[in-house]
Student: 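Have a look at this one.
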Amino acid sequence: MAKKVESVNYGLEKIFDGAQDFLPLLGTDFIELYVGNAKQAAHYYRSAFGFQTHAYKGLETGSKDSVSYVVIQDKIRLILTSPLNSKNPINDHIVKHGDGVKTIALWVEDAKLSWEETTKRGAKSFMEPTVEEDEHGEVIKSGIYTYGETVHMFIERKNYNGQFLPGYKKWESDYNPDPVGLKFIDHMVGNVGWNEMNTWVKWYENVMGFVNFLSFDDKQIHTEYSALMSKVMSNGNGRIKFPINEPAEGKKKSQIEEYLDFYEGSGVQHIAVSTDDIIKTVSDLRARGIEFLSTPPDDYYKAIPGRLEEHDHELREDIERLKSLGIMVDADEEGYLLQIFTKPVQDRPTLFFEIIQRMGARGFGAGNFKALFQSIEREQGLRGTL
Ligand code: FE2
């Protein structure tokens, strides 16, 4: 049985203790988004976010029903996929949800075993273990459904040395905007419906062997108007972290409820990507037209030195520089973190990105929740959805 770990700020050693090892995960393999126009989305992620061309499949490679562009930045791989005709079921996903994350793929040693261990614990199958091969070797894939129509794929690639996956060809271009310093996926957050958070916490515990190592209730995460609850799930080695949010009652509509209305169900709310130099990354992103939530007020920045001193940490960055870029700071016993959130990256107020630089802290910016949500509420007000 998994040990119940329910306190705020447990370190990684506690995560190891509580997690089960029936599903060893090596890391995030890729994230696949279903989008209305993959060609244009790929251009956006390259031009604005600094992703690089990596692989492609489409009509030219014999893929008659869908097209996929793979873009890469350090360890982050995104697949942007669109259907090529009206009969492809990807259309139904896009009609219902708009552009959004379909697949969070996990890199595993054994995709067959991963599927067997999770389905026997109650996961609904998305894809039975399937071998795909080409002249570069073979990949074994399998998949299960998680919340909403979102899927976890298990990717076993130890016998493959091709560019990406069988079926894809290398994609090269003469147009190659510089990367902006994004390194790897820090965490990915799911929004689920009213009173469903604990169901999915149990699902990640029982089916995936994860542990709940941080919890926030609506008394911690609220503003004058709206609230939410969140629990952070992690696998045993701490490489995969999935916070799960549900809306909570407030005077006005929770941002989670707004997401659920527009995504028409549960789904991925944000992808948090790590950088070693958030000042450079955010400067570059802003220069390329990425829009961020509004900068917190002066009082917020005045309070930062005190918040760090409480935990005996010293801010290495210039606070005026952080303020001019709208970057937020949070601290705990182990260190501090710097973070900022983009506006939604499509017209529906659904998926957005977080840029995060960890300076020792392992939390998720709880000290920033209030400033962040006030900023989101200002946007909701403009959308008429508060
Ligand atoms: Fe986050």
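Ligands are counted one by one from 1 in listed order, and the atoms in each one are counted from 1 as well. The basis for the numbers below is simple: all heavy atoms, side chains too, and nothing from hydrogens, waters or symmetry mates.
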Student: Fit a plane to each ring of His270 and His187, take the angle between them on a 0 to 90° scale, and name the class: parallel (under 30°), tilted (30 to 60°) or perpendicular (over 60°).
Tutor: perpendicular

Student: Restricting to side-chain hydrogen bond (donor to acceptor under 3.5 Å, both in side chains), what partner residues turn up for Tyr336, sequence neighbours left out?
Tutor: Glu317

Student: What pairs with Phe242 under ring pair (Phe, Tyr, Trp, His ring centres under 6.0 Å), at least two apart in sequence or on another chain?
Tutor: His152, Tyr204, Phe210

Student: Charged N to carboxylate O under 4.0 angstrom, Asp65 versus Lys87?
Tutor: no

Student: Return the set of residues passing ring pair (Phe, Tyr, Trp, His ring centres under 6.0 Å) with Tyr69 (not counting sequence neighbours), or none when no residue passes.
Tutor: Tyr56, Trp171

Student: Quick one about Tyr168 and Asp134 (side-chain donor to acceptor, distance below 3.5 Å, no hydrogens or angles considered), yes or no?
Tutor: no

Student: Which of the protein's N, O or S atoms come within less than 2.8 Å of the Fe ion (ligand 1), not counting waters?
Tutor: His187 NE2, His270 NE2, Glu354 OE1

